[in-house]
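Reminder, nothing fancy here: chain letters follow the sequence lines and each chain counts from 1. We use all heavy atoms of the structure for the numbers below, so side chains are in, but hydrogens, waters and symmetry mates are not.
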2 protein chains.
Amino acid sequence: MTKIDDVARLAGVSTATVSRALRGLPTVSQATRERVLEAAAQLGYIASPSASRLAGGKTRAVAVVVPRITPWFFSTVVEAAEERLHQAGYDLLLFNLGGSEHARQRLLYTSTLHRRVDALMLVATPLAGRDFAAVTRLGLPGVTVSAGTPVPGWPCVRIDDVAAARAATEHLLALGHRRIAHISGDSSDELAISTHIDRRRGFQERLRAYGIEPDPALDVEATFTIAGGRGATAELLRRGEPPTAIFAASDEMAMGAIATLREAGLRVPEDVSVIGVDDHDVSGVVGLTTVAQPAAAQGRLAAEALLGPLRGAGDGPASPSVVLPTRLVVRDSTAPPRAD
Amino acid sequence: MTKIDDVARLAGVSTATVSRALRGLPTVSQATRERVLEAAAQLGYIASPSASRLAGGKTRAVAVVVPRITPWFFSTVVEAAEERLHQAGYDLLLFNLGGSEHARQRLLYTSTLHRRVDALMLVATPLAGRDFAAVTRLGLPGVTVSAGTPVPGWPCVRIDDVAAARAATEHLLALGHRRIAHISGDSSDELAISTHIDRRRGFQERLRAYGIEPDPALDVEATFTIAGGRGATAELLRRGEPPTAIFAASDEMAMGAIATLREAGLRVPEDVSVIGVDDHDVSGVVGLTTVAQPAAAQGRLAAEALLGPLRGAGDGPASPSVVLPTRLVVRDSTAPPRAD
DNA sequence: CTGAAAGCGCTTACAG
DNA sequence: CTGAAAGCGCTTACAG
């Protein structure tokens with residue numbers, strides 16, 4: 001492997017100059033720079049990242065943490081962030097929590113992240129009280145996406161979950177529904193993420209605005225997946241008279257709900273209306289009514305929010321938080337309740 | 001930041017011994033190891049990865065390259081690989097080609113991968129003639145998943161694409177279809193991946209076994225996405241009399257086909273049958289007939305295939321290739337052709 | 001089983 | 001604008 005000394009020798013300069021020239025620092029004369037570039041090209045020289053990192057103190061890598069990889073929202077955020085990050089010359093280390101508390105602990109309380117990256121992107125990652133200290137101790141710039149838990153001093157890129165839930169619920173209420181169920185994420189314990197809490201809040205808020213007291217029997221918690229939506233809907237049907245409409249906190253949950261309703265002999269939307277949140281790629285195929293959120297934009301903006309402080313050597317001010325707009329997309333899974 | 005010298009001083013040993021004790025090397029006495037462990041714990045010491053990498057020559061990181069992140073197959077492979085890799089203590093650097101030749105070139109012909117990882121996982125990554133030299137020059141153990149292009153000396157984890165296509169086509173033929181269209185990936189140029197070629201081959205093979213000569217007008221190329229399936233189907237309808245059945249090379253393409261057929265006023269399966277490959281999470285919701293392939297298992301096994309050579313210091317023999325089984329899953333999107 | 005010393009391959013003040 | 005030298009924080013023969 002050719003090293004910096006080889007290039008220095010061939011170009012007839014010091015290694016310090018090679019280092020400067022190759023990194024594009026301004027304090028190198030045009031002539032010298034050209035000589036170095038040519039020597040490097042001729043030898044096929046590429047600096048060792050490990051050596052650069054050790055000497056320079058920067059890893060040029062960012063850790064992206066997601067609760068799952070496959071769901072539409074997360075994979076879309078990662079895809080968008082990946083593009084922006086690589087374009088800016090940063091490596092992307094991917095960490096999946098997979099819903100396992102063990103993985104979460106490993107990430108926060110072992111050497112997993114220690115000096116491995118220059119910045120952190122936490123996507124819908126739940127943090128309990130003591131976890132903030134662990135995150136802060138890393139001393140890195142960071143950003144949260146789709147507020148798992150807001151980290152003090154970090155910007156957050158997200159949608160207004162309360163408003164999104166309000167829009168979905170309002171759509172069902174305006175159609176005439178009064179017996180509306182909600183399928184959402186777990187918002188009971190310390191690790192609940194604000195997304196779940198906010199979507200439930202928006203739902204209940206609209207209900208109360210119509211003089212309806214939220215019925216605990218019509219509120220089921222599940223994971224943000226098709227399987228979660230299936231299970232929650234089965235539970236709902238088990239509890240007695242089905243609702244006339246279901247507001248699911250994600251499109252994947254909504255699709256699971258539709259599948260289970262149909263298997264139970266109920267028609268959508270004739271017997272039960274279903275609305276989700278996301279505007280998943282397949283929602284158009286399924287004809288699912290939903291509140292669309294811009295996932296790719298969130299990934300892109302989150303990466304962008306990191307690049308500022310990263311370029312500013314970690315000292316610059318944190319980027320501002322941003323709240324992106326959502327939009328009701330009416331398709332075929334919602335309709336007025338049956339007249340009977 | 002505490003460094004190895006601090007630990008050595010506190011434990012009353014040399015840094016060499018600290019290094020050995022912390023990494024669990026056998027050549028350290030029990031008593032010494034305990035003293036070192038305690039000192040390290042007391043100081044909250046974690047070795048600098050950059051320093052370890054430079055001194056040790058190993059990065060303990062693996063690069064995973066995918067053509068896209070969001071599609072079901074790729075996100076599922078990545079999720080499974082991530083779990084296995086992190087469990088084994090390796091970082092996962094994610095690279096998305098995104099269908100861009102520029103990204104592909106950057107990955108292969110710049111410093112992107114150089115000395116950054118100890119191994120490579122190429123998922124459905126197309127390689128042209130000269131690219132093999134670029135990959136080989138990295139001198140790393142590797143594995144391909146879902147054969148983009150087989151790399152000499154690397155194991156490949158995949159399904160039998162010819163057999164999967166045969167099973168799908170046979171299902172349609174057995175139902176009585178004779179006018180069957182195929183929507184597949186681009187298999188025309190040098191960068192075509194074997195998946196596309198093999199699925200088309202299995203399709204044509206079965207057709208010919210029934211005495212049917214494949215009709216170019218019923219063969220459309222597209223990307224492996226819902227949008228791709230939509231576009232291809234629109235093109236198919238534009239070309240004249242619709243087929244009575246469509247074999248799409250992926251479930252996402254199949255879903256796009258279904259959406260476009262319905263928008264054109266055609267019923268599925270009454271007017272047109274549609275079958276895919278994958279068994280995507282939502283295929284059950286949509287009622288899509290498909291040839292199921294185990295995506296998570298492929299990701300897991302590919303990671304496993306890397307861990308062998310990785311532990312063997314990169315010299316051990318390559319892991320064996322593996323071909324996983326597929327399975328026809330009949331749902332509601334396929335039926336006999338109309339009698340008329 | 002343990003230590004002194006060299007080495008991994010860069011970058012960064014410092015001096016000029 | 002450029003160079004000599006120290007330093008980044010580990011691991012690895014080598015010797016004992």
Which part of the nucleic acid does B:Arg53 contact within heavy-atom distance under 4.0 Å: base, sugar-phosphate only, or nothing?
nothing

Under a 4.0 Å N-O cut-off, is there an ion pair linking B:Asp6 with B:Arg9?
yes

Quick one: on DNA chain D, does B:Leu54 or B:Leu25 contact a more 5' nucleotide (nearest heavy atom)?
B:Leu54

Using atom types as modelled, flag every donor-acceptor pair under 3.5 Å from a side chain in residues 63-73 of chain A to any protein atom, sequence neighbours excluded.
from	atom 1	to	atom 2	distance (Å)
A:Arg68	NE	B:Glu79	OE1	3.2
A:Arg68	NE	B:Glu79	OE2	3.4
A:Arg68	NH2	A:Thr70	OG1	3.0
A:Arg68	NH2	B:Glu79	OE2	3.0

What stems involve DNA chain D, if each pair must be Watson-Crick or G-U and both of its distances must be under 3.5 Å, with 3 or more such pairs in a row?
C:1-3 with D:14-16, C:5-12 with D:5-12, C:14-16 with D:1-3

Among residues two or more places apart or on two chains, list those pairs meeting salt bridge (charged side-chain N to carboxylate O under 4.0 Å, His left out) that have a residue in residues 87-112 of chain A.
A:Arg53-A:Asp91, A:Asp91-B:Arg116, A:Glu101-A:Arg104, A:Arg104-A:Asp131

With sugar-phosphate meaning primed atoms plus P, OP1 and OP2, does B:Thr27 contact a base, only sugar-phosphate, or nothing at under 4.0 Å between heavy atoms?
base

Identify every side-chain donor-acceptor pair in residues 118-129 of chain B under 3.5 Å, counting partners at least two apart or on other chains, and give the distances.
from	atom 1	to	atom 2	distance (Å)
B:Asp118	OD1	B:Thr59	N	2.9
B:Asp118	OD1	B:Thr59	OG1	2.9
B:Asp118	OD2	B:Thr59	N	3.1
B:Asp118	OD2	B:Thr59	OG1	3.4
B:Asp118	OD2	B:Arg60	N	2.7
B:Thr125	OG1	B:Val123	O	3.1

Report the distance from atom OG of A:Ser146 to atom CZ of A:Phe74, rounding to the nearest 0.5 Å.
6.5 Å

Taking atom types as modelled, is there a side-chain donor on A:Ser48 or A:Ser50 under 3.5 Å from an acceptor on the other?
no

Regarding A:Pro26, tell me which of base, sugar-phosphate or nothing describes its non-hydrogen contacts under 4.0 Å with the strands shown.
sugar-phosphate

Give the first and the last nucleotide of DNA chain C, reading 5' to 3', that has any atom under 4.0 Å from a heavy atom of chain A.
C:dG9 to C:dA13

Please walk me through it: do A:Gln42 and A:Glu38 pass side-chain hydrogen bond (donor to acceptor under 3.5 Å, both in side chains)?
CA-CA 6 Å; A:Gln42 189 176 323; A:Glu38 181 164 340; over 6 Å; no

Any base atoms under 4.0 Å from A:Ala16, or only sugar-phosphate, or nothing? Heavy atoms, all strands.
base

Report the residue (B:Arg115 or B:Arg33) whose heavy-atom-nearest nucleotide on DNA chain C is the more 5′ of the two.
B:Arg33

According to salt bridge (charged side-chain N to carboxylate O under 4.0 Å, His left out), who are the partners of A:Glu304, at least two apart in sequence or on a separate chain?
A:Arg84

